[in-house]
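As structure tokens, the structure follows; a few thoughts come after it.
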There are 2 protein chains.
Amino acid sequence: MMRAPREREDHSVNRSLNWKTRTALTPRKQPRQERSSKVVDRILDAALILTREQGTKTPTTLAIAQRAGLSVGSVYQYFPNKEAILLDLARRWLAAFPEVIARRINAPRPNSHETFQQEVDKLFIDTSRLYLDNANLMPVIEAITGNPDLRPIQNEYDDQIIALYAAWLQHVNPALEDQVASRLGVVMMEVGHVCRLVGLKRDRKAFDLIQDDVKTMWLALVIPYLDLDQNKEGFS
Amino acid sequence: MMRAPREREDHSVNRSLNWKTRTALTPRKQPRQERSSKVVDRILDAALILTREQGTKTPTTLAIAQRAGLSVGSVYQYFPNKEAILLDLARRWLAAFPEVIARRINAPRPNSHETFQQEVDKLFIDTSRLYLDNANLMPVIEAITGNPDLRPIQNEYDDQIIALYAAWLQHVNPALEDQVASRLGVVMMEVGHVCRLVGLKRDRKAFDLIQDDVKTMWLALVIPYLDLDQNKEGFS
DNA sequence: GACAAACGCGAATAATTAGTCGCATTTTTT
DNA sequence: AAAAAATGCGACTAATTATTCGCGTTTGTC
């Protein structure tokens, strides 16, 4: 039985483009009519809900479409591929994190023992609050972490965050070496992230207790490097 | 060479069993001939190498077979499914971890300030060494963490490890409440794990530095709960 | 109200990949 | 040296799922 094969080679779809290219994740089309804006929201909402329900397994395009009360075709009007949907959700978080740290860096530098501890505390509070405010996005972040295609993109943001932690450390103590600041930044981020994630999976009381643990650990980690009273480097 | 060919225990084909059931991950058949034992090793080696090469993306059955110089069919002679292969590798690690903590618990309980710090140090050293010795298995562990089908099994081991950390804490300070011990166990495990993983991805020098950070954090975390000199509960 | 653009649809396509099965080959047993 | 058992093979099946494309419908514009 033969089927008349329709020629479709003229389409020259960008099959040559590497998958990870930034453009491949850009929205395919801007919504022109009002109804379509709502459609985009519906898609994102559906993807968020399904990711929360299914845990690590990322939802299929069909599932997302159905949950949003749409067809697959409609989804692809606004998103070039499935990953772009998740990434759209994740960026809200990934972009917010650097801002919070950057804001802390712009604050005046402490110069006494007391204000140093206060600075750590402020950074701790701000980042902690960020996790609480975005608790519903965490399943998406975890899904992205476990997705080979999206992991590299998250890594970029992570590097950015690490660099900002390091910059913050050097903001508090300008004499801190780059290499040390970077290492401490990595540890602060990883420890903070993993503890907040497990904390959020429990009740609020447990979260708060684990947060205290994080602060304890952060302080113990950075005190030897930041406490200007202990290791007198002298000048400002 | 004669091998008692004990007829195999009745092998009812449990096709109805749920996927995640333990039996579904049991080797399908014991190798009877010498050549096939080597085949099993070849399969495991190939899976390990491919997992290391490909990072988070688990290798396909075809890729494993080819790398081992075999056909897919041969792989399925000894493994019921793909996941069983990775799990076989992972169990070497997952089973070794609890043993190390358990060994520390069987040691005599410290009763002075000095031996308390020594106990933390010993546990730290032992677990740290475990990561170093099994560095080549870490990609498999990470792959399993990111695999929706295998994650639950790893979680079981994690719970076990957390319970053992908690038991160790109560071994050092029997007055510690269960709930607190459990929480500290979670934090110790998560912090230790994530820091060791990032440490192993760098050179040995960086690993050692991060290890020191872990010890610092662990100590700061548990001192308030374990240091019998500070919070005199008095009697043993 | 007519026309075009935007939108929505979903069957069809295409790619991937886990797992099977009958048969060929090798090893062990009798 | 058969016969039997174990092993090895790889084309084939089956299931999943991302993405496309032509067509019907709705919306905005004049």
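Each chain gets a letter, A, B and so on, in the order its sequence line appears, and its residues count up from 1. Since the model is a prediction, treat every value here as computed from it, not as a measurement.
- Interatomic distance, B:L89 CG to B:I85 CD1, rounded to the nearest 0.5 Å: 8.5 Å.
- If you measure from atom CD1 of B:I43 to atom P of C:dG19, you get 14 Å, rounded to the nearest angstrom.
- Remark on the helix from C:dG1-D:dC30 to C:dT30-D:dA1: inter-end axis angle 10°, axes from five-pair C1' superpositions, rounded to 10°.
- With salt bridges taken as basic N to acidic carboxylate O contacts below 4.0 Å, none links B:D126 and B:K122.
- Summarising the geometry, the separation between CD1 on B:I85 and C1' on C:dG19 is reported as 12 Å, rounded to the nearest angstrom.
- Between B:A206 and B:R202, the closest heavy-atom pair is CB-CB, 3.7 Å.
- For B:W168, there are no ring pair (Phe, Tyr, Trp, His ring centres under 6.0 Å) partners at least two apart in sequence or on another chain.
- For the pair B:F79 CZ and C:dT20 C1', the interatomic distance rounds to 18 Å; values are reported in whole Å.
- Minimum atom distance to the side chain of A:N81 is reached by D:dT19, of the listed C:dT20, C:dG10, D:dT19.
- Rounded to whole Å, the distance from CG on B:D149 to P on D:dT16 is 13 Å.
- Within the 3.5 Å criterion, the main-chain N or O of B:A143 finds no donor-acceptor partner in the side chain of B:N147.
- At least one donor-acceptor pair under 3.5 Å links the side chain of A:T127 to the backbone N or O of A:L123.
- Looking at the side chain of A:V72, the nearest of the listed nucleotides C:dA11, C:dG8, D:dG10 is C:dA11.
- Remark: B:T60, B:T61 in residues 44-66 of chain B come within less than 4.0 Å of DNA chain C through at least one heavy atom.
- You'll find that the side chain of A:Q77 is closest to C:dG8, out of C:dT20, D:dT7, C:dG8.
- When the side-chain nitrogen and oxygen atoms of B:S74 are compared with OP1 and OP2 of D:dC9, one or more of them lie within a distance under 4.0 Å.
- Here the P atom of nucleotide C:dA12 and the OH atom of A:Y76 are 18 Å apart, to the nearest Å.
- OP1 or OP2 of D:dG8 sits under 4.0 Å from a side-chain N or O of B:Y78.
- In A:E53, the CD atom is crowded: over 12 heavy atoms of neighbouring residues, nucleotides or ligands sit closer than 6.0 Å.
- Comparing C:dC9, C:dT20, D:dA18 against the side chain of A:K82 picks out D:dA18 as the nearest.
- Atom pair A:N147:CG and D:dT17:P shows a separation of 14 Å (rounding to whole Å applied).
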